[in-house]
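Hydrogens, waters and symmetry mates are skipped; everything else that's a heavy atom, side chains included, is used.
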Amino acid sequence: MSNRLNTTPNDLRAFWMPFTANRQFKKEPRLFVSAKDMHYTTHDGRQVLDATAGLWCVNAGHCRPKITEAIREQAGELDYAPAFQLGHPKAFELANRLVDIAPEGMNHVLYTNSGSESVETALKVALAYHRAKGNGSRFRLIGRERGYHGVNFGGISVGGIVANRKMFGTLLTGVDHMPHTHLPGKNAFTRGEPEHGGDIASELERIVTLHDASTIAAVIVEPVAGSTGVLIPPKGYLQKLREICTKHGILLIFDEVITGFGRMGTPFAAQYYGVTPDIMTTAKGLTNGVIPMGAVLVTSEIHDAFMNGPEHLIEFMHGYTYSGNPIASAAGLATLETYREEGLFERAREIAPYWEEGLHSLKDLPNVIDIRNIGLIGAIELDPIAGEPTRRAFSAFLKAYENGLLIRTTGDIIAMSPPLIVEKHHIDEIFGKLREILKNNI
């Protein structure tokens, strides 16, 4: 921690923090200075149990030796290599390892630096693919209400979280939205996939009828809508979307930035649900949150549609200065090795029932109006305070931090996604502390 912060801890004005109540934070800063495995250490020396994997990303736990050593070695060997017309071995090796664990047929990788960039890349690929196939009339993009696809213009256009959209004008044109799948009256306190709501996927047929399939390029959804408060797809919903997209020649994009890399007990949610998209976006757990990196996986059919014309011409005019960065690639390889060597995907699947039991044990607490879970993801929805939306959950967040527990809130929903190394005693501690916080009728 710098001397400046030690001597003037409230002089934090220069950093305009993302998705943060800046004025509240800077009056009472919450600063982490180190981390190891399941815990953070705060600036005042307290241990905080991480029930959110950082921000849905530290799937293998904090400061894992293989990952940190890989970064250290790579930084001393090759710090940067241009990604345009040049390359370095680890970017190709990592792409191969990703293809190895991806759904069958997803054989090609484009690198990005975040989930937001992965979404932008996927949308551009979808539009360009149809044009390359001679179907340039397919320009529409279909998202979903309450969907979160990052914060760039494409992502907030297809996204459906009002607060993320309302300040930024008209956004992209040619975008429509399917309804969300949240049916609290029918599916409250569901364990796993809800029974009701699979037929909501048929709303895509109505949108197709309205616009005509010949104008629609792609549909993008999160298999599990995470940032909006963990909305789990009803039984048959994703399968029905796949069926409709295939029927009408529409590309299906899965945003797996949150669900990828073991969160569901499988490499990707696509495998958990048995539904293979045409394009899949990833980030977060790709490098265990250690260094920015994302990846977009596409099928061979999509890739090959671009591979024509003179060989010296660039096939797809898109990319980033840091696409496949050497240090990020090294981190990604070490992260995948850590997942594999420690069997963390399988481990997540084995401990998920214990997680589910602990989560649903809070059903009897005041103001808890819903609990839902899938894999190592869980949400507790609280009854909002009249006239003060978000305050109840934010109060729980602050009390949890004071009591050595990190949770995440969105609206009046507590969302949790612990590192995959979580033990049963950690789960007991998480829900024991939450019980004490919530039973006091915050």
Distance-only, no hydrogens or angles: does the [X] side chain make a donor-acceptor pair with backbone N or O of [Y] under 3.5 Å?
X: H88; Y: G324; answer: yes
X: Y111; Y: A95; answer: yes
X: D176; Y: I142; answer: no
X: T112; Y: S114; answer: yes

Exercise. Using side chain to side chain donor-acceptor pair (under 3.5 Å) as the criterion, list what pairs up with E77, not counting sequence neighbours.
Key: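 By the side chain to side chain donor-acceptor pair (under 3.5 Å) rule, E77 matches no residue at all.
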
Quiz item: side chain to side chain donor-acceptor pair (under 3.5 Å) with N373: which residues, sequence neighbours excluded?
Solution: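 By the side chain to side chain donor-acceptor pair (under 3.5 Å) rule, N373 matches E356, H360.
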
Quiz item: Angle class for the Y148/F19 ring planes (parallel below 30°, perpendicular above 60°, tilted otherwise)?
Solution: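 If you compare the ring of Y148 with that of F19, the planes turn out perpendicular.
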
Quiz item: Should the pair H108 and H303 be assigned to parallel (<30°), tilted (30 to 60°) or perpendicular (>60°) ring geometry?
Solution: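 Judged by the thresholds at 30° and 60°, the geometry between H108 and H303 is parallel.
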
Check whether any side-chain heavy atom of [X] lies under 4.5 Å from a side-chain heavy atom of [Y], and answer yes or no.
X: L251; Y: I302; result: yes
X: V48; Y: T42; result: yes
X: L204; Y: C245; result: yes
X: M416; Y: I380; result: yes

Do [X] and [Y] meet the criterion of a side-chain donor-acceptor pair at a distance under 3.5 Å?
X: S202; Y: R206; answer: no
X: T335; Y: N288; answer: no
X: Y354; Y: D428; answer: yes
X: D255; Y: T281; answer: yes

For [X], is the [atom1] atom crowded, meaning more than 12 foreign heavy atoms sit under 6.0 Å from it?
X: Y320; atom1: OH; value: yes
X: F139; atom1: CZ; value: yes
X: Q24; atom1: CD; value: yes

Practice problem: Applying ring pair (Phe, Tyr, Trp, His ring centres under 6.0 Å) between F261 and each of F345, F268, W56, report the one that passes. | Solution: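 When F345, F268, W56 are each tested with F261, the ring pair (Phe, Tyr, Trp, His ring centres under 6.0 Å) holds only for F268.
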
Can you tell me how far apart [atom1] ([X]) and [atom2] ([Y]) are? Round to the nearest 0.5 Å.
X: I67; Y: R72; atom1: CD1; atom2: CZ; answer: 12.5 Å
X: N135; Y: L127; atom1: CG; atom2: CG; answer: 12.0 Å
X: R146; Y: H182; atom1: CZ; atom2: NE2; answer: 5.5 Å
X: T52; Y: L406; atom1: OG1; atom2: CG; answer: 4.0 Å

Can you give me the closest heavy-atom contact between [X] and [Y], atom names plus distance?
X: V275; Y: F254; answer: O-CE2, 3.6 Å
X: A70; Y: A334; answer: CB-CB, 3.6 Å
X: S118; Y: T282; answer: OG-O, 2.8 Å

Quiz item: Does the side-chain contact (heavy atoms from CB on, under 4.5 Å) test come out yes or no for M17 and L12, once each step is laid out?
Solution: CA-CA 10 Å; M17 299 171 66; L12 309 174; over 6 Å; no

Practice problem: Under the salt bridge (charged side-chain N to carboxylate O under 4.0 Å, His left out) rule, what do E256 and K284 come out as? Steps first, then yes or no, please. | Solution: CA-CA 9 Å; E256 295 237 23; K284 293 190 183 289; over 6 Å; no

Exercise. Step by step, work out the side-chain contact (heavy atoms from CB on, under 4.5 Å) result for I377 and R263.
Key: CA-CA 7 Å; I377 306 174; R263 184 57 51 193; 3.4 Å; yes

Quiz prompt | Audit row: E93, K90, salt bridge (charged side-chain N to carboxylate O under 4.0 Å, His left out) steps and yes/no | solution = CA-CA 5 Å; E93 184 181 352; K90 283 188 172 62; 5.8 Å; no

Practice problem: Would you list the pairs meeting salt bridge (charged side-chain N to carboxylate O under 4.0 Å, His left out) in which at least one residue belongs to residues 321-338, sequence neighbours left out? | Solution: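 Listed once each, the pairs are K66-E337.
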
Quiz item: Under the side-chain contact (heavy atoms from CB on, under 4.5 Å) criterion, do Y129 and R138 qualify, and how do the steps go?
Solution: CA-CA 10 Å; Y129 164 77; R138 288 185 179 265; over 6 Å; no

Quiz item: Only one of T41, D37, D50 forms a side-chain hydrogen bond (donor to acceptor under 3.5 Å, both in side chains) with H62, so which one is it?
Solution: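 In the set T41, D37, D50, the residue that makes a side-chain hydrogen bond (donor to acceptor under 3.5 Å, both in side chains) with H62 is D50.
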
Self-check item: cation_pi(R46, Y401) dist<6.0 Å, angle<=45
Solution: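 Cation-pi check for R46 and Y401: passes.
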
Exercise. Take T228 and H180 through the side-chain contact (heavy atoms from CB on, under 4.5 Å) test and state the conclusion after the steps.
Key: CA-CA 10 Å; T228 194; H180 62 73; over 6 Å; no

Self-check item: Derivation of the salt bridge (charged side-chain N to carboxylate O under 4.0 Å, His left out) call for K124 and E120
Solution: CA-CA 6 Å; K124 290 174 71 175; E120 300 296 300; over 6 Å; no

